[in-house]
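Here's the structure, in structure tokens; my notes come after.
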Amino acid sequence: MDRPPVSRGFKSKRHRSETAGLPPGQYLTTDFPVLSAGPTPAIRVTDWKIALQLGGSLLGKWTWDEFEALPQTTITVDIHCVTKWTKLNTVWQGVSFDDLLKVVGLSEPPDAFVMAHCDGGYTTNLPVADLVAGKAVVATRYDGLPLAPAHGGPARLLVPHLYFWKSAKWLRRLRFMPRDEPGFWESRGYHNYGDPWREQRYDGD
């Protein structure tokens, strides 16, 4: 299989910081580095839709305007990239995973795992337990502004307690699945779960 194009950030060897409160091996940055496994897609919100699926069955689908009309959540969180940068106190707005379940009439998740599907063919897998109870948001705004394409706009998954590759950019579909399956990076040697506090960067960590 051809190796995907990887931006330079994936090979970063920046210095480490001993700043208290950072996960092990991370350094603090005030920048917002752009890391992608391919080109940034140009997505017009008028063409954008997002779907929630149970296997191959559609649970819900929203246009941009419909998604913007759903209950909105604003959170302030720290984010941690597997390339070792951490950015503190980032502010995001979007629709929580909990509210997506409520909108489609689900009182609880129907399966134990979710695959996030994105423009460009990127995927990442997550346990549902890491998305519910306020742990995840489909973010459409960063720092009060529409999410820039380079950072995953118009919408990305935000799961801030895991390494940032789990917060998939250019999100288009969330699919429930009964068994865990590896996503894009997980099938290429990255850790299946990606807990920054346990330094789960690569398979076997």
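With Asp98 contributing its side chain and Gly134 its backbone, the two residues share a donor-acceptor pair below 3.5 Å. At least one donor-acceptor pair closer than 3.5 Å links the side chain of Lys135 to the backbone N or O of Ala129. Here the side chain of Arg175 pairs no donor or acceptor atom with the backbone of Val114 at under 3.5 angstrom. With hydrogens and angles ignored, the 3.5 Å screen pairs no side-chain donor or acceptor of Glu68 with any backbone N or O of Thr63. Between the side chain of Thr90 and the main chain of Val77, a donor-acceptor pair closer than 3.5 Å is present. A donor-acceptor pair under 3.5 Å links the side-chain atoms of Lys166 to the main chain of Asn125, judged by distance alone. Judged purely by atom type and a 3.5 angstrom limit, Gln93 has no side-chain atom pairing as donor or acceptor with the backbone of Thr74. No side-chain donor-acceptor contact under 3.5 Å links Thr40 to the backbone of Ala150. In terms of modelled atom types and a separation under 3.5 Å, the side chain of Asp78 and the main chain of Asn89 share a donor-acceptor contact. Judged by distance alone, the side chain of Glu186 and the main-chain N or O of Gly183 form a donor-acceptor pair under 3.5 Å.
Side-chain atoms of Gln53 and Leu174, non-hydrogen and from C-beta on, never get closer than 4.5 Å to each other. In this structure the side chain of Leu147 never reaches within 4.5 angstrom of the side chain of Arg141, judged on heavy atoms. Within the 4.5 Å cutoff, the side chain of Thr73 has heavy atoms near those of the Asp99 side chain. The closest side-chain heavy-atom distance from Trp64 to Arg44 is not below 4.5 Å. Annotation: side chain of Leu131 is in contact with side chain of Leu126 (closest heavy-atom distance under 4.5 Å). Taking 4.5 Å as the limit, every side-chain heavy atom of Trp85 sits out of range of all side-chain heavy atoms of Leu28. Side-chain atoms of Ile50 and Arg173, non-hydrogen and from C-beta on, never get closer than 4.5 Å to each other. Side-chain contact between Phe176 and Pro109: present, with at least one pair of heavy atoms (C-beta onward) separated by less than 4.5 Å.
Smallest separation of non-hydrogen atoms from Ala168 and Cys118: CB-SG, 3.4 Å. Shown here for Trp165 and Arg201, the closest heavy-atom pair between the two residues is CH2-O, 3.8 Å. Ala136 approaches Val159 most closely through the heavy-atom pair CB-CG2, 4.2 Å. Shown here for Asn192 and Pro182, the closest heavy-atom pair between the two residues is OD1-CA, 4.3 Å. Leu59 and Val104 make their closest contact through O-CG1, 3.4 Å (heavy atoms, listed as atom of the first residue, atom of the second, distance). For Pro127 against Phe113, the heavy-atom pair with the smallest separation is CA-CD2, 3.8 Å.
Linking ILVMFWY side-chain heavy atoms closer than 4.5 Å, directly or via other members, places Val132 and Leu171 in a single hydrophobic cluster. Phe184 and Val82 fall within the same hydrophobic cluster, defined by Ile, Leu, Val, Met, Phe, Trp and Tyr side-chain heavy atoms under 4.5 Å apart, directly or through other members. Under the 4.5 Å side-chain contact rule for hydrophobic residues, Phe67 and Leu157 share a cluster. Residues Phe97 and Leu158 do not share a hydrophobic cluster, clusters being chains of Ile/Leu/Val/Met/Phe/Trp/Tyr side chains in contact below 4.5 Å. The cluster map of Ile, Leu, Val, Met, Phe, Trp and Tyr, joined by side-chain heavy atoms under 4.5 Å apart, puts Met177 and Leu54 in different clusters.
The CG atom of Leu35 sits 4.5 Å away from atom SG of Cys81, with the distance rounded to the nearest 0.5 Å.
Checked against a 6.0 Å centroid threshold, the rings of Phe32 and Tyr142 count as neighbours. Proximity of the aromatic rings of Trp170 and Tyr122 is defined here by a centroid distance below 6.0 angstrom, and this criterion is not met. The aromatic ring centroids of Phe164 and His80 lie 6.0 Å or more from each other.
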**Message:** Under the criterion side chain to side chain contact (heavy atoms under 4.5 Å, CB included), I'd like the reasoning laid out for Val95 against Val137: C-alpha separation, chi angles, the key distance, then a yes or no.
**Reply:** CA-CA 5 Å; Val95 179; Val137 168; 5.8 Å; no
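Side chains of Tyr163 and Asp195: a donor-acceptor N/O pair is absent below 3.5 angstrom, by distance only.
Within the cation-pi definition used here (under 6.0 Å to the ring centroid, within 45° of the axis), Arg188 does not qualify as a partner of Tyr190.
Looking at residues two or more places apart in sequence or on another chain, you find a side-chain contact (heavy atoms from CB on, under 4.5 Å) between Ala155 and Trp48, Val138, Thr140.
Between Glu199 and Lys84 there is no salt bridge, since no side-chain nitrogen of the basic residue lies less than 4.0 Å from a carboxylate oxygen of the acidic one. Looking at Arg172 and Asp119, a side-chain N of the basic residue comes within less than 4.0 Å of a carboxylate O on the acidic one, giving a salt bridge.
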